[in-house]
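Below is one structure, written out as structure tokens; comments come after it.
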Amino acid sequence: MRVKVTKKVSSPGQVFLFGEHAVVHGQPALATAIDVRTEVSGEPLENDRFVADAEGVGRAEGKIKKSGETWSIEEMTGDVEDLSFVTKVSELTYNHLQEARGLRLEIESGLPPGSGLGSSSAVTTATAAAVSTVLDRKLSRDEISQLAYDAEVEVQGAASRTGVNVATYGGFLRVQEDDRRRIEGLSEPDLIIGYTGKYANTAELVAGVRELKEEKPWIVDSIIQTIGKITEVGIDTLEDGDLRKLGVLMNANQNLLEGLKVSSPELRDLISSAREAGAIGAKLTGAGGGGCMIALASGNVDEIASAIEEEGGEPMKAKIGSEGLKY
Ligand code: MEV
């Protein structure tokens, strides 16, 4: 008898509207969930098999073993590396719930891995939720966010709480040091995301800014502080719904990110093509160096998307302030 396929769960991707990099140095940043999502569905298996199948990424399979009170997924074969976030968070969820069973996970995502749109946070949060659904156990959002964070730390050595928070709770998140708070009542203009197709190496880019700051604190410190001010004004501007001013702030933030040397020729090309096609403002989002840019539209979404595509980027239309984990 074939067992029922569980309900799909999904988590959003995300963009930084303002403040990336400056946030690493104590300034505020504003991140938001986008309506480009990762969907995970789980199906229980009648044995100890663990199967993860991610469209366009790969497939891996292993065996669930218990030793003492600890579950682990072992004897993995297939695209093990590419599915390491999925396997790790499943294992952590089994251990957190002190229960495991055979499981097949199917993952579909509109978020390219390594694009800077929070694909790993989306997949880890949605997978933790899907695993608990298969076990007929309900985890709180805080538990899911923690499991996802722990999995990211274990897989890549470090992680930001911003990623898993936005993926879990959605909406708009103001982040400063350890203070992360949702901001309600902001306007939700249409964005066009342009993916350069180039992997953004966050750790290297963050290290580059740190080095530049040590070399030239007299200029870099003030760039970082000004980005922080732009974030604050940006939040007020989103509250007022003044899109023209928002565009000016995005352009100013981009110029300052250029000063931190985290932009790239590909990003610059997509940003100028979007502006020429009528975007009110445009900037890189996330770590830079590749990854994605965002453009603010005022009704001319299709023209901006075509301009990004003609320039060699992959355009995605996105709504911001989107719902978090659907579980
Ligand atoms: C990268 O997504 C955003 C950075 O500000 C790093 C971080 O906040 O973790 C560059």
Side-chain angles (χ1 to χ4, degrees), residues 11-34 36 38 85 111-125 145 148-153 155-169 172-181 191 193-196 198-214 220-221 223-232 234-235 250 253-264 266-267 283-294 316 318 320:
S11 286
Q14 61 200 279
V15 293
F16 273 87
L17 290 176
F18 296 107
E20 51 275 269
H21 285 288
V23 70
V24 176
H25 304 279
Q27 294 296 324
L30 184 68
T32 182
I34 54 175
V36 185
T38 296
F85 286 107
L111 303 162
S115 62
L117 298 179
S119 64
S120 53
S121 296
V123 82
T124 45
T125 52
S145 165
Y149 176 76
D150 292 344
E152 288 194 27
V153 170
V155 173
Q156 60 195 13
S160 107
R161 292 256 180 206
T162 311
V164 294
N165 263 275
V166 176
T168 308
Y169 297 100
F172 295 89
L173 195 73
R174 181 195 185 278
V175 192
Q176 186 167 25
E177 312 249 355
D178 288 335
D179 180 37
R180 282 174 297 277
R181 59 177 88 146
L191 283 191
I193 299 169
Y195 178 34
T196 59
K198 238 182 107 180
Y199 176 70
N201 189 331
T202 304
E204 264 178 29
L205 288 147
V206 168
V209 173
R210 201 176 293 283
E211 231 169 78
L212 198 64
K213 186 174 177 317
E214 273 161 26
V220 174
D221 286 350
I223 291 179
I224 287 171
Q225 279 164 21
T226 311
I227 294 179
K229 290 206 181 89
I230 287 179
T231 300
E232 298 290 17
I235 293 172
M250 284 170 71
N253 195 161
Q254 172 61 23
N255 291 340
L256 294 162
L257 287 162
E258 289 282 354
L260 296 181
K261 301 196 185 306
V262 293
S263 194
S264 73
E266 295 84 358
L267 283 165
K283 64 181 275 292
L284 68 84
T285 184
C292 291
M293 49 72 73
I294 51 175
M316 287 171 244
I320 58 173

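Ligands are counted one by one from 1 in listed order, and the atoms in each one are counted from 1 as well. Hydrogens, waters and symmetry mates play no part in the numbers below; they use all other heavy atoms, side chains included. Being a predicted model, the structure only gives us computed values, none of them experimental.
Within 4.0 Å of ligand 1, heavy atoms belong to protein residues Phe16, Glu20, His21, Val23, Val24, Ser160, Thr202, Val206, Gly286, Ala287.
Interatomic distance, Met316 CE to Ile294 CD1, rounded to the nearest 0.5 Å: 12.5 Å. Here CD of Glu211 is found 12.5 Å from NZ of Lys261. Values are rounded to the nearest 0.5 Å.
Across Leu284 and Ser263, no two heavy atoms sit closer than the pair CD2-CA, 3.8 Å.
Within the 3.5 Å criterion, the main-chain N or O of Val206 finds no donor-acceptor partner in the side chain of His21. Between the Glu152 side chain and the Ser121 main chain, a donor and an acceptor come within less than 3.5 Å of each other. Without hydrogens or angle criteria, Thr125 side chain to Ser145 main chain gives no donor-acceptor distance under 3.5 Å.
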